[in-house]
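Throughout, a chain's letter reflects where its sequence line sits, starting with A, and its residues are numbered from 1.
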Amino acid sequence: MRDWADFTVEEAGGRMTVVLEGALLVSTIALLDRKLRAMTDPVQEIDMSRTGDIDTIGAWTVYRFANENNAVIVGASEQADILLQAVRDSASTAPIEPPRLPVIPRVLDDTGRKVVAFGQGVLRFLGFLGAVIVALGAVIRHPRRFRYRALVRQFDLVGVSALGIVGLMSFLIGIVIAQQGAAQLRQFGAEIYTINLTGRLSFRELGVLMTAIMVAGRSGSAFAAQIGTMKLTEEIDAMRTIGVAPLEALIVPRILAAVLMMPLLGFYSALLAIVGGAFIADLTLGIPFMTFLSRIQEVVPIHDLWVGLVKAPVFGLIIALAGCYQGMQVQGNSEDVGLRTTKAVVQGIFMVIVLDAFFAVFFSEVGWG
Amino acid sequence: MIDEIENEELLEDVLDEARSDVVGHFDGEYPIEIEGLRNSFGSQVIHENLSLKVRRGEILGVVGGSGTGKSVLMRSIIGLQMPDEGEIRVFGKNTIGVMPDEESSVRSRWGVLFQGGALFSTLTVAENVEVPLKQFFPEIDAELRHEIARYKVVMSGLPEEAAAKYPSELSGGMRKRAGLARALALDPELLFLDEPTAGLDPIGAAMFDSLTRELTDTLGLTVFLITHDLDTLYAICDRVAVIADREVIAVGTIPELLKTDHPWIQEYFNGPRSRAARATSEAAGRGKSVDKGADGKA
C-alpha cells in the first residue's frame with residue numbers, strides 16, 4: 001500500500017492556502033495531481049512545510065499548480081527549492097506529437113503524395129534498370145572486373161539451395177492439378193486428358209509461375225534485406241569510396257544469378273509437377289506411372305517448353321531488379337529495411353503476374369497456343 | 001471544491017490502475033554492491049571474483065581496455081546478463097535469480113542510457129519518455145504525463161520542439177540526450193550511462209558532461225558511468241573503477257589511482273592523452289576529482 005500525497009485547504013483572512021502532505025514522488029503523486037486539476041477555486045498560497053521526499057515530478061506538479069493560480073509557494077525545503085527551480089527552467093508547452101492534418105485534407109494529402117511517389121517510383125525504377133544495364137555493359141567490356149565468385153555464391157543461394165522447397169512444392173501442385181483435373185474430366189469420360197492438362201499446364205504456366213513466387217519470397221526478399229542493411233551500415237558508401245561500384249559488385253551478380261537460375265528452376269519445377277501428377281494418376285486413376293510419362297512426350301508440344309523457358313529469365317530479372325532496387329532505396333532506420341523487403345516481394349510477384357498475362361496473350365497470338 | 005464522495009471515487013480510480021509493487025527511496029550507503037561476480041561466454045571468462053561497491057550520490061567512472069567486460073558488468077547489474085556466480089545487490093536487494101515481477105520495483109528506480117540511445121524508432125522523443133511512465137505508473141493522468149515528457153526533454157538539454165520529432169530526425173548527440181531524457185523519466189535514484197560521450201564532438205561531449213554533473217547534483221543521482229573519454233573522467237567523476245585482469249583492480253579518485261603501480265593504470269593515466277586531459281581540466285578549474293585530491297594533499 002502506498003502513501004498517496006494529499007492536501008487540505010485552509011482559509012485565513014480571505015486567503016486560501018493549500019497545505020500539501022506526504023512524499024511528492026512519481027509513485028505517490030497521481031492522486032494529488034488529479035485532485036489539484038479538479039480544483040476550481042482560486043488559491044493564493046501553497047504550503048509545502050508538511051511534505052516529505054520530493055522528486056522532479058512532484059516539483060512539477062506543485063509548480064504547475066502554483067503557476068496556474070499565481071500562488072506563492074511557502075515552506076519548501078532546500079531540496080524542493082532546487083527541484084522547483086530546475087522544473088521552472090525546463091517548463092515547455094511545445095507539442096509532443098508531430099503536427100497532423102484533419103481527416104479529409106489528410107486523406108487527400110496522402111493520396112496526392114502516393115500518386116506522386118508512384119510516378120517517381122516508376123521513373124526511378126526505370127533509371128535503376130538503365131544503371132544496371134550500363135553496369136552490365138561495363139562488366140562485359142572489362143570482364144576482369146566481374147565477380148565470378150559472387151556469381152557462383154548467388155547461384156548457390158538462389159538456385160541450389162532452393163531445389164528442395166521448389167521440388168516439394170511442385171510435386172504437391174502436380175498432385176493437386178492431376179487429382180482435381182481428373183475429377184472434372186471424369187464427368188465427360190475424358191480422364192485420360194488429365195495427362196495433357198498436367199503436362200501442358202506445368203510447362204507453360206505453373207512450373208515457372210510457382211517458381212517465380214518462391215524465388216521472390218526467398219531471394220527477392222533476401223536481396224532487399226541484405227543490400228538495405230549494407231546501406232544502413234554505410235557499407236555501400238564505403239565501397240564507393242574505395243572505388244568499387246556497388247552496382248557491379250553487388251547487383252549484377254545477383255541479377256545474373258536470378259536470370260540464369262530461373263529457367264533451370266522452372267524446368268525442374270515442371271518436371272517434378274509431372275512426376276507428382278503421374279504419382280497420383282498411378283495411385284487413383286489406374287494410369288500406370290510410366291504410361292503417364294510416355295504419354296506426356298506425345299501430348300505436350302515442344303513449344304510449351306519454350307514458352308516456359310522464355311518467360312523464366314524475364315521473371316528472374318524482374319524479381320531480382322525489384323529486390324535490389326528496394327534494397328538500394330533503404331534510408332534512415334532498420335524499420336525501413338523491413339518495409340522495403342515487403343515491398344520488394346509484393347512488387348516482384350505483382351509484376352510477374354501482370355507480365356504473365358501479357359505473355360499468355362502474346363504466345364497465343366504467335367500461334368503457340 | 002470537491003466533496004468527499006468524489007474524492008473517494010478518484011482514489012478508487014487511481015488504485016484500480018496503480019501497481020502494488022512500488023517502494024520508497026533508498027537510504028543505505030551503497031546502492032550497488034557486487035561480490036564475487038563471475039561471467040563467462042563459453043570457455044572465455046570475462047569476470048572472475050569481481051567485487052565493486054558504488055557509493056550513494058557519486059559519479060563512478062568505469063574504465064578498462066576494450067573487451068574487459070565493462071558493458072557486460074553493466075548488463076549483469078541491470079539484469080540483462082545472467083552471471084555464473086556471485087552476488088549483486090541493488091538498493092540492498094539481490095537481483096540475481098529473482099522473479100521478473102519482484103524485480104520490477106527495482107527497475108522503476110534506475111534509468112539506463114545505452115550506447116546508441118536505443119530509442120524506440122516508431123515513437124517520438126516525448127512518447128519515448130512516456131513509455132516507462134506508462135509502464136510503471138499507469139495511474140498518472142495523461143495530461144501530467146505529457147507535461148512530464150515535455151520538461152524532461154528540455155531538462156536533458158534538447159530544444160523543446162524536439163519532443164515531437166522521431167529519433168531518425170535527430171543527430172547523434174541529440175539522440176543521446178533523448179535517451180537520457182527517457183532514462184530520467186521516472187526520476188531514478190540510479191543512472192547507468194554506457195559511453196555517453198562516444199561519437200560526440202568535444203563541445204557536445206563537454207556539454208553532455210556538465211549536464212550529467214548538473215543533473216546528478218540537482219536530482220541527487222548515483223551514476224554508474226562507463227567511458228573511454230578521459231576528459232569525462234577528469235571533469236565529472238568522483239571516483240574511478242578500473243577493470244583489468246577479469247576484476248576491478250582499483251577504485252578511487254584519479255590521484256589515488258596514480259599512486260598504484262599497476263602497469264595498465266600507469267599507462268592509462270600517464271599517457272599523452274591523459275596528461276592533455278588533466279591539463280585541460282586543471283586549466284578550466286572544473287576538475288572536480290583532481291581538485292579534491294589536491295586539497296587532500298595540501
Side-chain angles (χ1 to χ4, degrees), chain A residues 1-4 6-7 9 11 16 23-41 43 52-61 63-65 79 81-100 232 331-336, chain B residues 1-2 6-7 10-11 13-15 17-20 22-25 108-109 121-122 124-127 129-130 133 136-141 143-144 146-156 159-169 184-189 214-215 217-220:
Chain A
M1 184 63 208
R2 276 185 260 176
D3 297 320
W4 300 98
D6 210 341
F7 71 96
V9 179
E11 199 173 349
M16 298 275 280
L24 303 178
L25 298 172
V26 61
S27 52
T28 61
I29 202 73
L31 185 64
L32 173 69
D33 171 67
R34 291 191 190 196
K35 283 188 187 177
L36 288 179
R37 275 174 210 277
M39 254 183 89
T40 46
D41 296 2
V43 171
D53 284 345
I54 184 165
D55 64 11
T56 65
I57 290 159
W60 170 266
T61 307
Y63 163 74
R64 186 200 61 80
F65 184 67
Q79 177 64 8
D81 263 339
I82 294 173
L83 293 181
L84 281 168
Q85 186 58 45
V87 295
R88 190 174 298 134
D89 294 343
S90 303
S92 153
T93 52
I96 57 171
E97 276 170 0
R100 244 181 152 195
L232 277 192
Q331 266 168 355
N333 52 24
S334 49
E335 197 193 358
D336 207 30
Chain B
M1 196 74 32
I2 15 176
E6 265 183 46
N7 257 345
L10 217 47
L11 180 65
D13 280 356
V14 168
L15 286 180
E17 294 165 21
R19 300 160 64 115
S20 56
V22 176
V23 282
H25 269 227
S108 70
R109 294 160 67 196
S121 55
T122 51
T124 63
V125 171
E127 286 165 345
V129 177
E130 288 186 25
L133 283 164
F136 287 106
F137 302 105
E139 75 275 13
I140 284 180
D141 196 62
E143 190 50 43
L144 175 62
H146 299 330
E147 289 168 7
I148 293 171
R150 279 193 203 108
Y151 84 75
K152 295 281 179 188
V153 166
V154 177
M155 203 176 255
S156 306
E160 57 178 7
E161 58 278 9
K165 289 197 171 139
Y166 287 98
S168 58
E169 298 172 273
L184 291 173
L186 300 174
D187 270 54
E189 295 156 66
E214 214 177 283
L215 289 172
D217 294 342
T218 315
L219 310 178

Measuring heavy-atom distances to chain B, does A/Glu97 have an atom under 4.5 Å in its side chain, in its backbone, in both, or in neither?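 Its backbone and side chain both get close to chain B.
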
Side chain, backbone, both or neither: which part of A/Gln79 has an atom under 4.5 Å from a heavy atom of chain B?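 Contact with chain B: side chain only.
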
For the residue pair [X] and [Y], what are the closest heavy atoms and their distance?
| X | Y | result |
| --- | --- | --- |
| A/Pro98 | B/Thr124 | CD-CG2, 3.6 Å |
| B/Arg150 | A/Ser92 | CD-O, 3.2 Å |
| A/Glu335 | B/Thr122 | OE2-CG2, 3.5 Å |
| A/Ile57 | B/Ala185 | CD1-O, 3.5 Å |
| A/Pro95 | B/Ala164 | O-CB, 3.6 Å |

Pick one of side chain, backbone, both or neither for [X], based on which atoms fall under 4.5 Å of a heavy atom in chain A.
| X | result |
| --- | --- |
| B/Leu133 | side chain |
| B/Glu127 | side chain |
| B/Lys152 | side chain |
| B/Glu169 | neither |
| B/Thr218 | both |

From [X] [atom1] over to [Y] [atom2], what is the distance, rounded to the nearest 0.5 angstrom?
| X | Y | atom1 | atom2 | result |
| --- | --- | --- | --- | --- |
| B/His146 | A/Thr93 | NE2 | OG1 | 14.0 Å |
| B/Glu139 | A/Trp4 | CD | CH2 | 4.0 Å |
| B/Asp187 | A/Ile29 | CG | CD1 | 11.0 Å |

B/Tyr151: side-chain hydrogen bond (donor to acceptor under 3.5 Å, both in side chains) partners, not counting sequence neighbours: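 Here the qualifying residues are A/Thr56.
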
A/Ile82 and B/Leu219: side chain to side chain contact (heavy atoms under 4.5 Å, CB included), yes or no, with the steps? CA-CA 9 Å; A/Ile82 294 173; B/Leu219 310 178; over 6 Å; no

So, using salt bridge (Lys or Arg N to Asp or Glu O under 4.0 Å) as the criterion, who are the partners of A/Arg88 when residues are at least two apart?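 A/Arg88: no salt bridge (Lys or Arg N to Asp or Glu O under 4.0 Å) contacts found.
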
Is there a side-chain contact between B/Ile140 and A/Val26 in this structure, where contact means two heavy atoms from C-beta onward sitting under 4.5 Å apart?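 Yes, at least one pair of side-chain atoms sits under 4.5 Å.
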
Whether the side chain of A/Arg64 engages the backbone of B/Leu144 through a donor-acceptor N/O pair (distance < 3.5 Å, no angle test) should be reported.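 Not a single qualifying donor-acceptor pair exists.
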
If you count heavy-atom pairs under 4.5 Å with chain A, which of B/Glu147, B/Glu161, B/Glu143 comes out on top?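 That would be B/Glu147.
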
